Amino acid sequence: MTTTDMPRKVDAASVRAVSRKRSRGGSGGGLRRAVPATTLLWVLAALYAVPVLWFVLSSFKPAGDLFSLPLTLFPHDPTVSGYKTAWDSANFSQYFINTAIVCVIATILTVGVSCCTGYALAKYDNKWLKAFFIGILATTMLPGEVMLAPLFLVVRDLGFYNSLAGIILPALLTATGCFMFRQFFLTVPDELIEAARIDGARELSIFLRIMVPLSRPIMLTLAILSFQWRWNDYIWPLLMLNDPEKFTVQIGIQSLVGAQNINWSVLLGGSVISMIPLIIVFLVFQKYVMNADINAGLKD
C-alpha cells in the first residue's frame, strides 16, 4: 500500500498574523538598537552646540553682563552695540573684500591643482610620481609653524611680500586635496579610461570630459574645506601683510583687541560677523555634496 503525502492547506489569515508578528518584532529590535546610538548623537550634538550658542548669545550682551554672577545663557537686555562698534572701529568692508578675493582665487586654484595631481598619482605608474606623493604626505607630519620661516623666505624672494598673491601662492597644493582626489580616482575602473582611449580620446579629453565630472562631489567638498581654511587663516596673513588696506578679516578682528584691555562685547560681535560668510557657503553647497552620487557613471 502506498501513501501519498498531500500538502496541507495554509490558512491565509494565520500567515498574515505571523508576518505581522515578525515585522513588529523586527521593528522593535531595530528601534531598541537605534535608541542608544540616537541618544549618543544627541548628547554629542549638545556638547558641540552649547558653546557655540553661548558664544552667539553672549555677543548680544552688554560688556558689563558678560562676567556678572550668576552667569546666564540668555541676555537680560539684548543689544547690538557690540556689532555696531566692531563694524565702525574696523574697516570690515575692505577686510571682507580682501578675504573674499583670497578665498575665491585660492579655492579655485587649490581644487584645480589638486584634481590634476590626484589624477596623475592615481592613474599613472611612475616611480617619481610615487616619490612625489610620499613627499606630499610627509608635509602633513610636520607642524605648520616649522615651515613658516622657509615658506616666508621663498615667497619674499619671489616678490610677493605684502600682497594678496603671497597669501594665495602657498595654498595651491595641499596634501589633503591631493590625497582626497587620489583616493577617489583609484576607485574609478581603468577599463573606463581604456575604453575612452580605444575610441580615440586623448589624455586631456579623458581628464576633462570623464574624470572631472565624476569627481564633482570631491571637488565641492574640497572647495568648502579650502574656503574655510583660507577664511580662518591668521598666522600666514599676519606674517605676509603689513598694509592695513590689505588686511584680511582675521587680522581685522585682532585689531579690535586693545593693548591694555579687551572689550569682549565688541570682540564677540566682530567674531560673529566673520562667521556669517562661512555659514552661508556651507548652507549653499552642503546639499550638493550630500545629494551627489560619488559612483555616478560607474558600473560594477
Side-chain angles (χ1 to χ4, degrees), residues 83 86-118 136 139-140 142-181 215-216 218-257 267 269-286 288-289:
Y83 290 90
W87 187 268
D88 295 335
S89 59
N91 191 7
F92 265 103
S93 58
Q94 185 63 43
Y95 298 157
F96 272 111
I97 294 174
N98 296 337
T99 312
I101 293 173
V102 171
C103 291
V104 172
I105 297 177
T107 297
I108 294 174
L109 295 177
T110 298
V111 173
V113 173
S114 299
C115 185
C116 297
T117 306
I136 293 176
T139 60
T140 63
L142 295 173
E145 292 77 6
V146 175
M147 296 183 290
L148 284 178
L151 189 61
F152 175 81
L153 294 177
V154 171
V155 175
R156 185 200 61 183
D157 293 341
L158 290 175
F160 294 123
Y161 177 71
N162 194 28
S163 65
L164 298 182
I167 305 176
I168 297 172
L169 184 62
L172 294 184
L173 187 65
T174 62
T176 302
C178 293
F179 183 77
M180 289 173 59
F181 277 103
S215 62
R216 181 186 174 191
I218 308 300
M219 296 176 70
L220 291 174
T221 303
L222 181 60
I224 294 175
L225 294 176
S226 178
F227 192 93
Q228 178 185 356
W229 296 335
R230 304 287 81 80
W231 189 274
N232 291 328
D233 196 6
Y234 170 70
I235 297 296
W236 181 245
L238 183 64
L239 292 175
M240 188 55 53
L241 302 174
N242 60 13
D243 185 0
E245 294 297 324
K246 299 179 181 179
F247 282 174
T248 58
V249 169
Q250 303 306 324
I251 304 179
I253 293 176
Q254 189 273 338
S255 65
L256 298 176
V257 179
L267 183 60
S271 300
V272 173
I273 292 174
S274 70
M275 293 169 51
I276 295 176
L278 287 179
I279 296 174
I280 295 175
V281 169
F282 178 76
L283 293 178
V284 170
F285 287 100
Q286 69 157 346
Y288 297 105
V289 177

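The figures here come from the full heavy-atom set of this structure, side chains too, leaving out hydrogens, waters and symmetry mates. Quick caveat: nothing in here was measured; it's all calculated off a predicted structure.
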Student check: side-chain heavy atoms of [X] and [Y] closer than 4.5 Å:
X    : Y    : value
F96  : I273 : yes
N98  : E245 : no
P244 : N91  : no
N242 : Y161 : yes

Which pair of non-hydrogen atoms, one from [X] and one from [Y], has the smallest distance, and what is that distance?
X    : Y    : answer
V155 : P170 : CG2-CG, 4.1 Å
A175 : T140 : CB-CG2, 3.3 Å
F160 : A165 : CD2-CB, 3.8 Å
M180 : T221 : CE-CG2, 4.0 Å

For the [atom1] atom of [X] and the [atom2] atom of [Y], what is their distance to the nearest 0.5 Å?
X    : Y    : atom1 : atom2 : result
T107 : R230 : OG1   : CZ    : 7.5 Å
L164 : T99  : CG    : OG1   : 8.5 Å
I136 : T176 : CD1   : OG1   : 11.0 Å
M275 : I280 : CE    : CD1   : 11.5 Å
D88  : Y83  : CG    : OH    : 14.5 Å
L151 : L169 : CG    : CG    : 8.0 Å

Test log, rule side-chain contact (heavy atoms from CB on, under 4.5 Å), inputs F181 and T117:
CA-CA 8 Å; F181 277 103; T117 306; over 6 Å; no

Pairs of donor and acceptor atoms involving the side chains of residues 231-241, under 3.5 Å and at least two apart or interchain, shall be tabulated with distances.
unit_1 : atom_1 : unit_2 : atom_2 : d
W231   : NE1    : S274   : O      : 2.8
N232   : ND2    : Q228   : O      : 3.4
W236   : NE1    : G166   : O      : 3.1

Looking at S215 and I218, would you say the former's side chain and the latter's main chain have a donor-acceptor pair under 3.5 Å?
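Absent.
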
Using modelled atom types and a 3.5 Å cut-off, is there a donor and acceptor pairing between side-chain atoms of T110 and backbone atoms of S226?
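Absent.
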
